[in-house]
Amino acid sequence: MAGSREVARHWRYAELPGVDLLRARYVRKNFVRHTHEHFVIAGIAEGVEVFQHRGGDQYAGAGTLALVNPDTPHTGRAGVPEGWRYGAVYPSPELVAGIAAETTTLRGAPGFVSPVLDDPYAVALVHQVLRAADEGNALAADTLLRVAVTRLLRLNGGALPTRQVRTAGDRIAARARAVLEERLVDPPTLERLAGDLGTSPFALLRAFRDAYGMPPHTWLTDARVRLARRLLDAGTAPAEAAVAVGFTDQPHLNRHFARIVGVPPGAYQRERKNVQDVRRRLHVPSGGWQNRQLSQTYGTTGEEGRTPPSSGTPSASGSPSDSPGSPSE
């Protein structure tokens, strides 16, 4: 990767409801511990991303995918001096569950087992989804997204564990979270919160970290940014959204928003406004682009899916069973 300039675009395509899209190159970016309401499916094109996930550092290099389930705390940073370039799709839990029910034998709420998967073919599919969305090719974008999710669930899918509040610490953490949700704008101190719950500050801190993977103040910032995103999606100005969720001003929101979402709130909202104001026309390029991409994806080239989609990313083997039109495993 030449140069050191960081670029990122975080957007939505109106024909893919419930899916966020990201294309970025980061060098110095350091994502703080945070969660997503949606799945993270990030295809690394160049460089290496390192992210903390469930107590350890995970390394995702070129040709691999970083996969994070909803509401799972994680971070993100460069693993090499030149940073990393990647494309990512963020499908909603409802969309992934629907795909899993139709194309896999998974039971319960579906999710990913391993946070890193070596599969250049799936990486190529992710980047093709982004390209199709850029070109306004709704049919290709929707199809390729579903093929990619199906493939990843079949290669690396499992049922997400259901969380049950059992111990006294779990119950205290859940009560603390409920208080913070109600007092997002004006939260109590750790000492006051612990006292109201009948415990000590450090006991509450340990219980909260064990239950949610981060201390209460980090969880609070993450929750504020989540709410700010919803307000920005609805058209609220960034300065107004900042105060509404408990930040002191827009620069305060800007700082935390960029460290969690990857782009400033103004850029994030402009992309949303483009989707709302100008619904892109369906555009199917001439010259057989769509037929070529889908035939390679579905393995109809005579190589049974081993020919990589034309994305510049080397391909791993892919069999016809990876497409939703083939028999279930």
Side-chain angles (χ1 to χ4, degrees), residues 6-14 16-24 26 28-42 51-52 68-77 88-95 174 176-190 193 208 211-278:
E6 294 190 332
V7 293
R9 182 189 179 200
H10 195 295
W11 81 104
R12 278 188 177 174
Y13 176 42
L16 289 180
V19 182
D20 280 359
L21 308 169
L22 174 70
R23 184 184 286 120
Y26 295 124
R28 297 173 300 278
K29 174 67 71 178
N30 191 339
F31 289 93
V32 297
R33 187 170 296 276
H34 64 285
T35 63
H36 295 277
E37 294 177 287
H38 288 191
F39 284 87
V40 179
I41 301 175
F51 59 104
Q52 288 184 354
V68 182
N69 295 320
D71 297 314
T72 302
H74 62 286
T75 63
R77 70 181 191 275
V89 295
Y90 302 80
S92 68
E94 295 78 14
L95 177 58
R177 173 171 170 163
V179 172
L180 293 177
E181 287 174 339
E182 292 179 359
R183 299 187 57 181
L184 206 63
V185 175
D186 182 28
T189 65
L190 181 64
L193 180 59
F208 203 96
Y212 301 112
M214 60 182 77
H217 70 280
T218 303
W219 181 93
L220 180 71
T221 298
D222 190 43
R224 284 174 168 174
V225 170
R226 279 194 182 194
L227 179 56
R229 288 182 65 173
R230 297 191 192 105
L231 293 174
L232 294 171
D233 289 346
T236 304
E240 296 177 8
V243 176
V245 303
F247 291 118
T248 55
D249 51 25
Q250 185 175 339
H252 192 196
L253 169 64
N254 291 354
R255 183 165 60 254
H256 289 292
F257 197 96
R259 294 170 67 191
I260 288 176
V261 181
V263 296
Y268 173 91
Q269 188 178 57
R270 281 193 296 273
E271 291 289 352
R272 266 47 180 182
K273 190 173 186 299
N274 289 339
V275 171
Q276 294 168 2
D277 292 351
V278 184

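Everything quoted here is computed from the prediction, not taken from an experiment. Side chains are part of it too, since the values below use all heavy atoms of this structure and drop only hydrogens, waters and symmetry mates. Residue numbers count from 1 along this sequence.
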Within 45° cone and under 6.0 Å: Arg224 NZ/CZ vs Phe247 ring
yes
May I ask you to decide if Arg9's main-chain N or O and Glu271's side chain share a donor-acceptor pair within less than 3.5 Å?
no
Can you check whether Tyr26 and Phe31 have ring centres sitting under 6.0 Å from each other?
yes
Can you find a heavy atom in the side chain of Ile41 that is under 4.5 Å from one in the side chain of Tyr90?
no
Answer yes or no: is there a side-chain heavy-atom contact under 4.5 Å between His38 and Ser92?
yes
Show the nearest heavy-atom pair for residues Thr221 and His256, with the distance to one decimal.
CG2-ND1, 3.6 Å
Does the side chain of Arg12 reach to within under 4.5 Å of the side chain of Asp233, using non-hydrogen atoms?
yes
Looking only at heavy atoms, which two atoms of Pro93 and Phe39 are closest? And how far apart?
CA-CE1, 3.8 Å
d(Met214 CE, His34 NE2) to nearest 0.5 Å is 8.5 Å
Show, in sequence, the C-alpha distance, side-chain angles and deciding distance for Asp186 and Arg183, and conclude whether the salt bridge (Lys or Arg N to Asp or Glu O under 4.0 Å) test is met.
CA-CA 5 Å; Asp186 182 28; Arg183 299 187 57 181; 3.7 Å; yes
Heavy-atom closest pair (Leu184 atom, Ala223 atom, distance to 0.1 Å) is CD1-CB, 3.9 Å
Measure across Arg272 and Asp20 and return the closest heavy-atom pair with its distance rounded to 0.1 Å.
NH2-OD1, 2.9 Å
Any donor-acceptor pair under 3.5 Å from Lys29 side chain to Gly76 backbone:
no
Please evaluate residues Arg226 and Thr35 with respect to the criterion side chain to side chain contact (heavy atoms under 4.5 Å, CB included), reporting the C-alpha separation (whole Å), side-chain torsions for both, the decisive distance (0.1 Å), and the verdict.
CA-CA 9 Å; Arg226 279 194 182 194; Thr35 63; 2.7 Å; yes
Only counting residues at least two apart or in another chain, list the ones meeting salt bridge (Lys or Arg N to Asp or Glu O under 4.0 Å) with Arg177.
Glu181
Calculate, to the nearest 0.5 Å, the distance between atoms NZ and CG belonging to Lys273 and Leu232 respectively.
13.5 Å
If you look at every heavy atom in Thr236 and Gln269, which pair is closest and at what distance?
O-NE2, 2.6 Å
One thing to verify: whether Arg255 and Asp249 come together as a salt bridge, which I'm taking to mean a side-chain N less than 4.0 angstrom from a carboxylate O.
no
Is there side-chain contact between Leu180 and Phe208, with heavy atoms separated by less than 4.5 Å?
yes
Would you say that Thr218 contacts Val32 through its side chain, given a criterion of any heavy-atom pair below 4.5 Å between the two side chains?
no
Shortest non-hydrogen contact from Pro264 toward Phe257:
C-CD2, 3.9 Å
Is any side-chain heavy atom of Pro187 less than 4.5 Å from a side-chain heavy atom of Val179?
no
Determine whether a donor-acceptor pair (N or O, by modelled atom type, separation under 3.5 Å) exists between the side chain of Gln250 and the backbone of Pro238.
no
Say you draw a straight line from CG of Asn69 to NE2 of His36; how long is it, rounded to the nearest 0.5 Å?
12.0 Å
Just by distance, do the side chain of His10 and the backbone of Ala8 share a donor-acceptor pair under 3.5 Å?
no
